[in-house]
Amino acid sequence: MALMPSADSENRYSSTDQSLLLRIACQSISNGVDHGRPAMPGLTGLPHTLMLQRSSFVTLTADAQLRGCIGSLEAHRPLADDVCHNAWAAAFRDPRFPPVSAAELFGMDIQVSVLSEAEPLQFQSEDALSGMLRPGIDGLILEDNSSHGTFLPSVWESLPDPDDFLQHLKLKAGLPAGYWSDTVRVWRYTTQSFAAPISAIQREMLPT
């Protein structure tokens with residue numbers, strides 16, 4: 001299985017780690033199609049890196065179009081479990097899409113993104129915040145009172161301008177694009193992302 005390249009800034013996970021996480025995600029979705037629930041991974045024998053508490057997002061695409069994306073912003077369970085749950089939720093619980101069917105399963109790609117710890121940003125204005133951003137590198141969490149939203153670093157591919165990135169993030173958080181307040185809080189994080197077609201993952205999982 002050829003992993004799709006990552007443009008992210010951190011490389012904590014080996015090719016073996018990446019393959020295992022993609023298999024866990026694929027098995028969880030396949031089990032969801034067959035049995036309506038995720039396939040929980042056994043942690044025994046997994047690399048230590050996959051048993052540490054980490055947060056992740058799992059993104060599904062079909063014909064280069066988003067088909068589901070669910071994740072965790074705070075680490076609260078082993079990474080292998082987090083990827084398993086998020087993969088199942090991306091396929092069957094993303095409210096923007098119908099549940100994934102068996103017929104479309106093999107035409108999709110899976111991307112796993114493992115998040116770094118979020119870093120709070122200090123700024124005095126929206127212009128100052130915009131000037132701090134690192135296009136292609138930073139994922140952002142924006143929050144104001146009960147409104148909140150996040151964009152993964154991959155969103156820079158479609159919104160390369162920092163001002164546009166912030167405006168669309170505010171919209172995702174349920175705020176007007178031109179909204180600003182002294183109470184807005186923002187954190188940034190980076191990801192290591194890796195992806196592969198489900199069909200390729202499934203072929204590699206077949207017994208030889």
Side-chain angles (χ1 to χ4, degrees), residues 1-35 37-94 100-117 136-137 139 152-157 189-208:
M1 174 179 60
L3 300 176
M4 297 179 184
S6 167
D8 300 306
S9 60
E10 299 190 28
N11 291 289
R12 298 179 298 270
Y13 298 96
S14 68
S15 58
T16 298
D17 293 338
Q18 295 177 31
S19 293
L20 285 170
L21 288 173
L22 288 168
R23 287 188 185 191
I24 288 168
C26 183
Q27 288 172 331
S28 186
I29 296 171
S30 296
N31 203 69
V33 168
D34 293 337
H35 304 292
R37 59 182 182 274
M40 296 304 298
L43 299 183
T44 302
L46 286 179
H48 176 67
T49 47
L50 307 194
M51 294 189 286
L52 297 174
Q53 290 195 359
R54 294 288 185 270
S55 55
S56 68
F57 270 71
V58 176
T59 304
L60 304 177
T61 56
D63 297 323
Q65 299 298 311
L66 182 66
R67 186 59 180 82
C69 182
I70 297 289
S72 310
L73 289 172
E74 295 186 7
H76 63 286
R77 55 192 169 193
L79 176 58
D81 280 348
D82 200 61
V83 167
C84 172
H85 282 283
N86 290 336
W88 182 84
F92 305 106
R93 288 294 183 266
D94 190 325
V100 166
S101 67
E104 62 184 321
L105 184 62
F106 295 102
M108 296 193 304
D109 295 336
I110 298 179
Q111 176 175 283
V112 174
S113 300
V114 185
L115 279 60
S116 69
E117 185 175 353
I137 297 175
L152 294 171
S154 58
V155 176
W156 287 106
E157 295 174 11
Y189 57 87
T190 59
T191 63
Q192 184 180 349
S193 299
F194 31 93
I198 287 180
S199 57
I201 302 170
Q202 291 278 34
R203 283 196 301 270
E204 192 171 85
M205 290 165 54
L206 291 174
T208 56

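Small disclaimer: the values here were computed from a predicted structure and weren't measured. Hydrogens, waters and symmetry mates play no part in the numbers below; they use all other heavy atoms, side chains included.
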To the nearest 0.5 Å, what is the distance between [atom1] ([X]) and [atom2] ([Y])?
| X | Y | atom1 | atom2 | answer |
| --- | --- | --- | --- | --- |
| Q53 | S72 | CD | OG | 11.0 Å |
| S199 | E204 | OG | CD | 11.5 Å |
| Q192 | Q18 | CD | CD | 5.0 Å |
| C84 | R23 | SG | CZ | 15.5 Å |
| M40 | N31 | CE | CG | 11.0 Å |
| L50 | S14 | CG | OG | 8.0 Å |

*Mark yes or no for whether S28, through its side chain, and P38, through its backbone, hold a donor-acceptor pair below 3.5 Å.*
no
*asked:* Check whether N86 reaches the backbone of S56 with its side chain - one donor and one acceptor, N or O, closer than 3.5 Å.
replied: yes
_Set out, in order, the CA-CA distance, both residues' side-chain angles and the distance that settles side chain to side chain contact (heavy atoms under 4.5 Å, CB included) for T61 and Q111, then state yes or no._
CA-CA 8 Å; T61 56; Q111 176 175 283; over 6 Å; no
*Looking only at heavy atoms, which two atoms of L22 and A196 are closest? And how far apart?*
CD1-CB, 4.0 Å
*Minimum heavy-atom distance between D94 and G68, given as atom pair plus value*: OD2-CA, 3.5 Å
If we only count heavy atoms from C-beta on, is the [X] to [Y] side-chain gap below 4.5 Å?
| X | Y | value |
| --- | --- | --- |
| D82 | H76 | yes |
| L52 | L79 | no |
| P197 | F106 | no |
| L21 | F194 | yes |
| L115 | F57 | yes |
| I137 | T190 | yes |
| S30 | Q202 | yes |
| P41 | D81 | yes |

*More than 12 non-hydrogen atoms from neighbouring residues, nucleotides or ligands closer than 6.0 Å to NE2 on H48, yes or no?*
no
*asked:* If you count every heavy atom of other residues, nucleotides or ligands that lies below 6.0 Å from E117 atom CD, does the total exceed 12?
replied: no
*Please test S113 against S193 for side chain to side chain donor-acceptor pair (under 3.5 Å), starting from the C-alpha separation and ending with a verdict.*
CA-CA 4 Å; S113 300; S193 299; 2.7 Å; yes
*Passes side chain to side chain contact (heavy atoms under 4.5 Å, CB included), V100 versus M108? Steps please.*
CA-CA 10 Å; V100 166; M108 296 193 304; 3.6 Å; yes
*Between D109 and L60, does a side chain to side chain contact (heavy atoms under 4.5 Å, CB included) hold up when you go through it step by step?*
CA-CA 6 Å; D109 295 336; L60 304 177; over 6 Å; no
*Using the side chain to side chain contact (heavy atoms under 4.5 Å, CB included) rule, pick out the option among D34, I24, L105 that qualifies with I29.*
L105
*Apply side chain to side chain contact (heavy atoms under 4.5 Å, CB included) to I201 and Q27, showing your working.*
CA-CA 9 Å; I201 302 170; Q27 288 172 331; over 6 Å; no
